[in-house]
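Letters A, B, ... are given to chains in the order of the sequence lines, protein chains preceding strands, and every chain is numbered from 1.
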Amino acid sequence: MDKDLLKPTEAQLRARRRRNIALAIALAVFVVIVYVGSLAKLGPGLFERAM
Amino acid sequence: MALVDQEHMDDTGLRLSEAAPGDFIALLKPRVMSLVVFTAFVGMVMAPGVQNPLLAMISIAAIAVGAGASGALNMWYDADIDAVMGRTARRPVPAGRVTPGEALGFGLVLSAFSVATLGLMANWTAAALLAFTIFFYAVIYTMWLKRSTPQNIVIGGAAGALPPVVGWAAVTGTVSMESLVLFLIIFLWTPPHFWALALFKSGDYERAGIPMLPNVAGHAATRKQIFIYALLLAASGILPVVAGFASFAYGAVAAILGGGFVWYSWQVLRMPESDTSMKPAKALFGYSLLYLFVLFTALLADRLLISLGLVS
């Protein structure tokens with residue numbers, strides 16, 4: 001079973017970890033941009049609505 | 001298409017990537033992005049009306065990412081010719097660090113996200129213009145014009161000239177005559193800038209089979225074309241004054257800068273055929289970068305001085 005699986009090298013694992021971290025940061029930045037951008041676009045009235 | 005280094009493929013044809021985040025940033029062409037950010041910012045500042053500073057920053061970021069996405073799509077499609085040119089052989093795709101598929105996916109995802117973000121945070125006119133810019137650069141220029149006509153960078157230059165129009169539209173929601181003047185300046189700047197490069201890199205372009213003007217029409221014809229465009233560019237630099245959205249102080253700066261451009265182009269025109277070092281062409285290439293940066297900085301400074309009432 002094991003022989004059918006690819007064995008990543010140390011360099012490949014390190015590169016994958018760095019890409020994952022970069023992707024996580026990019027997604028977090030995007031979430032923050034959408035959140036604060038929505039607040040700026042819609043204004044304080046955003047919170048003044050019936051729940 | 002792309003020449004991916006087979007060392008990075010295993011026996012089954014599957015591939016485990018060793019690409020670093022920096023390789024994906026390189027796909028975005030950061031130096032081109034910086035010029036796009038700057039010219040789009042000038043377009044936003046010059047536009048009448050006020051945009052929320054936060055939304056303005058997000059808009060600039062979206063335009064920058066959109067420009068970067070078109071760079072990634074360009075590197076995906078051009079990997080075969082990038083591999084044979086010294087200037088581009090170390091790019092992530094021809095060097096085998098990023099596969100063509102990864103570059104394509106990266107470019108498409110960023111294109112979609114940047115256009116959607118600009119549409120939601122600014123307006124859909126600006127978003128449509130950004131989408132058109134990406135399409136024009138990736139499809140019209142990269143896939144069609146670049147390999148088929150020596151007028152490739154003349155027509156394709158429209159993509160590089162659009163960012164100030166997008167920036168203007170992000171604030172106003174429209175395309176105006178003033179933003180088209182900014183477009184015209186960059187549009188006329190592009191051919192002499194790239195033909196100066198193509199003169200001293202003509203061997204590279206010949207090896208790659210790209211029909212740049214020096215390879216198709218010869219160096220003499222290219223030098224004449226550069227000079228003609230330099231005259232048109234120098235005149236267009238003063239148009240913001242004629243159109244009434246810049247002061248005479250800016251006009252004086254633009255005239256001096258334009259005069260410098262014409263002088264450097266004149267040196268290129270007089271360059272003998274036997275000159276293999278091509279110092280005048282290299283000097284023009286360097287000056288052209290300085291010209292655009294200083295001209296747009298002058299527009300920014302002029303707008304600031306006008307708003308302070310120091311010039312009219």
By a 4.5 Å heavy-atom criterion (distance strictly below it), what part of Ala122(B) contacts chain A: side chain, backbone, both, or neither? backbone
Contact origin within Ile25(B) toward chain A - heavy atom pairs under 4.5 Å: neither
Which residues pass the ring-ring contact (aromatic ring centres under 6.0 Å, His included) test with Phe187(B), not counting sequence neighbours? Phe183(B)
So which of Arg18(A), Lys41(A), Arg14(A) has the biggest tally of heavy-atom pairs under 4.5 Å with chain B? Lys41(A)
Atom CD1 of Ile33(A) and atom CZ of Phe113(B): how far apart are they, to the nearest 0.5 Å? 11.5 Å
Under a 4.5 Å heavy-atom cut-off, does chain B meet the side chain of Thr9(A), its backbone, both or neither? side chain
By salt bridge (charged side-chain N to carboxylate O under 4.0 Å, His left out), which residues pair with Lys146(B), not counting sequence neighbours? Asp78(B)
Identify the two heavy atoms, one from Ala19(B) and one from Ala15(A), that lie closest to each other, and give their separation to 0.1 Å. O-CB, 3.8 Å
So which atom in Glu18(B) and which in Arg19(A) form the shortest heavy-atom distance, rounded to 0.1 Å? C-NH1, 4.1 Å
For chain A, which residues from residues 36-57 of chain B lie under 4.5 Å away (heavy-atom distances)? Asn52(B), Leu54(B), Leu55(B)
Using the test salt bridge (charged side-chain N to carboxylate O under 4.0 Å, His left out), find all partners of Arg303(B) that sit at least two apart in sequence or belong to another chain. none
